[in-house]
Amino acid sequence: MSLWRLYLISILVLAPIGAFVVAGAIALWQTGHYFLLWWLIPICWLPAWLLARRWRKHFLAPELTGDPPGEYWTDRDKQAWQLVQEAQENAGATATERFADPQFHLQAAMDLGLRIAKVYRLKAKNPYGSRTVIEILSVAQLALEESEQRIADYVPGSYFLTLDQWRLLSKAPRWWQLASNVGWAASIAFNPLNVTRFVASKLALGSATKQLQDNMLAWAYAVFIGRVGFYLIEMNSGRLRSGTQRYKRLMRQESTSDRLAAGGEATESAEPCEVVVAVVGQVNAGKSSLINALIGQHTAEADVLPATRDVRRYRLHQADQYDSQWTLLDTPGYGEDGATSQQKRAIQAALTEADLVLLVMKVNTGARQADSLVLDELNKLQQARPDRKPAPVLGVLTHIDQLSPVMEWAPPYNWEMPTGRKEEQILEAVQYHRQLLGPSLAGIVPVCSDVENQREFGVTQWLLPAMLQLLGEARGCAVLRILGQEGRKGQTRRAFGQLAQVGKALLQTAFLPDQGRAPPHNRG
Amino acid sequence: MWKRWRDRWTGQPMSDEEFRREQRRILDRAPVPLLWLLGKTGSGKTSIVRFLTGADQAEIGNGFQPQTRTSQLYDFPDVEAPLVRFVDTRGLGEKDYDPAEDLQQFDQRANVIVVTVRVMDQALAEVIEPLRRIRHTRPDRPVLLVLTCLHEAYPQQQHPVEDPFRDQPIPETVSEQLRRSLQRQHERFEGLVDRIVPIDLTPPEEGFIDPEFGGDRLRETLLELLPVAYRQTLLALEDSVRSLHQLHERRAMPYVISYSAMAATAAAVPLPWVDIPVVTALQAHLVYRLGKVYQQPIGAKTFLEMAAPIGGRLLVRQAVRGVLKFVPWVGMAANATLAYAYTFGLGKACCWYFGRLRAGDAPTADELQEIWQSELTRAARYWKQQHKSGAPE
């Protein structure tokens with residue numbers, strides 16, 4: 001709809017109301033009831049002024065200050081986000097006039113950028129040093145787009161605001177005051193009684209409109225700072241490296257999956273983002289059996305002797321409401337005598353890649369030193385790369401059939417509310433492991449995954465729900481991992497592309513001097 | 001020194017402190033084997049202690065929670081009169097446990113090492129590495145590998161009725177899974193252990209008909225591995241305790257054997273009469289100890305009642321033994337035999353006596369003497385039977 005049509009419709013809608021207001025005022029004046037209604041203004045505006053004063057402190061509600069941190073954010077990201085929030089809170093204390101100055105916005109963004117960069121590069125002398133120009137442009141572009149979107153969402157008619165009008169808004173108090181003072185002078189000359197009304201109006205309306213303007217401007221500033229901060233964090237964490245387009249697609253998918261997890265429906269088809277689940281544990285803890293039980297096929301080689309010597313990948317598609325895509329990594333077990341360094345590296349690689357770790361432990365062996373060491377190593381790996389979120393670890397206790405009484409196997413067992421000896425033992429084992437390894441684990445699930453002897457229990461009942469519960473967190477890890485990987489790959493490719501461009505340009509100037517003078521339309 | 005000699009010649013009773021000192025000296029010489037149990041947590045170390053001694057003090061865990069929280073020296077039946085000593089080390093591979101110190105400490109003292117491994121467990125780096133070092137320091141010391149928890153290879157099934165491991169180390173009749181795992185364990189421990197015994201001591205509460213599957217083989221193998229000197233005590237223990245069903249007697253017998261062995265050690269000194277006070281003191285202590293086991297307070301009256309038929313003769317006999325010592329080697333052997341037999345007979349007679357007292361009737365002096373006589377002959381026979389292979393060590 002073009003602008004003049006909108007105006008026309010607005011006029012058509014508002015004209016009768018305006019006509020009624022004028023006609024009503026004249027009618028009231030003629031009947032002499034005007035003075036009765038006249039008092040309405042001070043009666044309503046005075047409390048309005050008082051309330052405005054009182055509520056002023058609660059300005060800048062958090063939901064207006066930008067997105068809350070994504071679920072995939074690392075601790076370092078959250079630390080940086082606090083800086084952004086501080087900057088937003090300071091908006092209320094800034095002089096209104098400065099908001100209209102574009103230079104002020106840019107300066108604020110630069111300051112924030114420097115402070116956030118310091119969080120990410122504690123030791124570097126020049127925190128901006130390693131940022132590419134494309135990245136900084138990406139941030140600016142994204143923040144602008146989003147701020148625009150937000151203001152359009154919340155401020156009606158903001159599409160029509162030009163920069164001049166925006167400036168006018170900051171100067172509004174002055175000309176408005178002038179105009180209203182002239183109006184009041186005329187009014188008092190006409191009827192001296194209007195002095196009372198003038199005072200009430202001055203008190204209430206004057207400061208209320210001023211406040212409204214201030215708030216409006218500060219709010220817009222806070223939105224801008226919030227968005228800049230958000231993207232600065234995304235940039236510093238390296239997630240923007242694969243470019244804004246790809247970033248947007250993945251982020252959209254992330255929020256889609258959040259919505260899915262909340263029980264909603266998919267609105268747009270998400271690009272497949274697989275969650276990598278590393279299944280680790282001591283030799284013969286039952287990793288391969290567990291994978292077989294999870295995918296419901298006898299695919300992974302499960303044996304009484306150590307059978308898995310390198311990392312193998314299995315796909316698991318849960319065709320449920322979550323539509324989850326999982327890649328299960330079957331790893332060689334640790335703790336075997338004479339384990340090769342190749343096996344150890346394979347486990348390490350799997351841990352590095354994982355978005356979710358299943359730590360498989362045979363329930364009836366108490367030797368947990370090796371498992372504890374692997375948890376330590378995982379922790380170390382994760383601390384070495386703060387740009388990734390630590391993958392949650394789910395403890396899986398296998399072979400619950402071998403708990404006391406050993407001869408008994410009669411599922412279903414409801415171990416959370418134990419009635420029999422077996423159930424009590426399961427509960428005790430879970431509690432013991434929780435106490436032993438608790439802080440490093442997101443949860444502990446007991447299972448029996450003896451698929452070969454048709455003795456399988458707990459995988460669909462307890463393990464899958466527990467995994468789905470961690471799906472959100474794991475997907476967050478997956479997004480960061482994919483962005484990290486693609487960013488690295490993409491950067492090299494782009495660098496080569498740019499190099500080729502430079503080379504082409506050089507060739508053109510060196511060997512084709514005629515074309516060198518031509519406008520560089522062929523450079524992309 | 002002179003006082004000691006004088007006391008011995010005059011047959012003065014020893015003071016408690018003197019006795020303890022003497023007892024320590026005897027124990028240093030006594031052949032008390034030290035078995036070192038080494039294995040991951042939950043691999044059944046304590047179950048083996050319990051099986052070998054029949055002692056119920058040793059606590060057995062549920063498998064997932066380490067039960068033996070500190071490595072402990074476990075004297076059976078007790079510290080003052082040990083027959084066998086076990087070192088029950090904390091489970092290897094337990095979280096936050098560094099076994100280095102324990103390993104070093106017990107490595108010096110153990111006579112036999114018993115390594116316990118669950119037969120289906122393949123995560124054995126934590127066992128193999130220390131074992132390799134231990135084996136390296138003393139390759140001649142016997143190491144026995146006990147493969148436990150056989151039932152994990154055949155879940156929810158009973159053990160085979162016929163013990164298939166009697167004839168073959170890796171029998172063909174067992175399931176393929178078990179056979180392959182056994183094979184792997186044999187390969188893995190090649191050169192690190194001397195003997196391999198698969199057993200399953202899972203208690204009957206878990207639903208097993210035979211809670212001591214392979215137990216016989218374990219006992220036999222241990223006896224074969226033990227140096228000859230240590231063999232006797234274990235054999236005596238096994239023979240005497242196995243046939244007994246009465247609880248008090250079961251508890252009492254290890255003491256009788258232990259004190260008899262100590263008396264024999266004390267008496268194996270090539271000097272006449274020197275041992276009389278020691279042996280007498282040992283016998284008196286045994287009587288007190290047995291009184292405790294049977295919960296019969298030993299008052300002056302009880303002691304007098306017993307001394308009349310037994311004690312008087314003891315002193316006379318010991319005087320005779322003293323003379324025998326003048327003929328050095330024969331005297332020593334005969335001397336040790338007699339000290340053993342007298343102490344053993346006394347112990348058995350006491351058990352009988354206290355047992356009757358508990359049951360509510362007081363035996364007459366004649367009855368007691370009769371029992372003592374018959375036990376004495378049995379004890380002498382017993383001693384000869386155990387030492388028929390040659391002279392005592």
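All values reported here derive from a predicted model rather than from experimental measurement. Throughout, a chain's letter reflects where its sequence line sits, starting with A, and its residues are numbered from 1.
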| query | Just how far is it from atom CG of L375(A) to atom NZ of K95(B), taken to the nearest 0.5 Å? | reply | 8.5 Å
| query | What's the shortest heavy-atom distance between A367(A) and E126(B), and which atoms? | reply | CB-OE1, 4.4 Å
| request: Would you mind checking if R188(B) and E336(A) are paired as a salt bridge, meaning a charged N to carboxylate O distance below 4.0 Å? | output: yes
| Got more than 12 heavy atoms from elsewhere within 6.0 Å of CD, Q382(A)? | yes
| query | Below 4.5 Å, heavy atoms only, C-beta onward: do Q402(A) and E152(B) meet side chain to side chain? | reply | yes
| request: Let me know if L178(B) has heavy atoms under 4.5 Å from chain A in its side chain, its backbone, both or neither. | output: neither
| said: What's the separation between atom CZ in R368(A) and atom OG1 in T41(B), rounded to the nearest 0.5 Å? | reply: 9.5 Å
| said: Does Q431(A) have more than 12 heavy atoms from other residues, nucleotides or ligands lying within 6.0 Å of its CD? | reply: yes
| field | Interchain contact, L124(B) with chain A, by part (heavy-atom threshold 4.5 Å) | value | both
| said: Is R184(B) close to chain A through its backbone or its side chain, or both, or neither, when contacts mean heavy atoms under 4.5 Å? | reply: side chain
| request: Hey, could you give me the CZ/CG distance between R118(B) and N364(A), rounded to the nearest 0.5 Å? | output: 4.5 Å
| Pairs involving residues 335-375 of chain A, ordered by first then second residue, that meet ring pair (Phe, Tyr, Trp, His ring centres under 6.0 Å) (sequence neighbours left out) | none
| field | Contact class of L436(A) relative to chain B, heavy atoms under 4.5 angstrom | value | both
| query | Between R455(A), H399(A), K362(A), M361(A), which shows the greatest number of heavy-atom pairs under 4.5 Å with chain B? | reply | R455(A)
| By a 4.5 Å heavy-atom criterion (distance strictly below it), what part of Q157(B) contacts chain A: side chain, backbone, both, or neither? | backbone
| Just by distance, do the side chain of E408(A) and the backbone of Q156(B) share a donor-acceptor pair under 3.5 Å? | no
| task | Taking the side chain as every heavy atom from C-beta outward, state whether E205(B) and P405(A) have any atom pair closer than 4.5 Å. | result | no
| query | Between F208(B) and M407(A), is any pair of side-chain heavy atoms under 4.5 Å apart? | reply | yes
| Inter-chain contacts: residues 280-291 of chain A against chain B, heavy atoms under 4.5 Å | Q282(A), V283(A), N284(A)
| Hey, does the side chain of Q369(A) reach the backbone of D96(B) with a donor-acceptor pair shorter than 3.5 angstrom? | yes
| request: Tell me, yes or no, whether the heavy-atom count around E162(B) atom CD, taken from other residues, nucleotides or ligands under 6.0 Å, exceeds 12. | output: no
| query | Above 12 or not: heavy atoms from other molecules or residues under 6.0 Å from CZ of R315(A)? | reply | no
| Exercise: identify the closest heavy-atom pair between L305(A) and R180(B) | CD1-NH2, 3.8 Å
| CD of E187(B): more than 12 outside heavy atoms within 6.0 angstrom? | yes
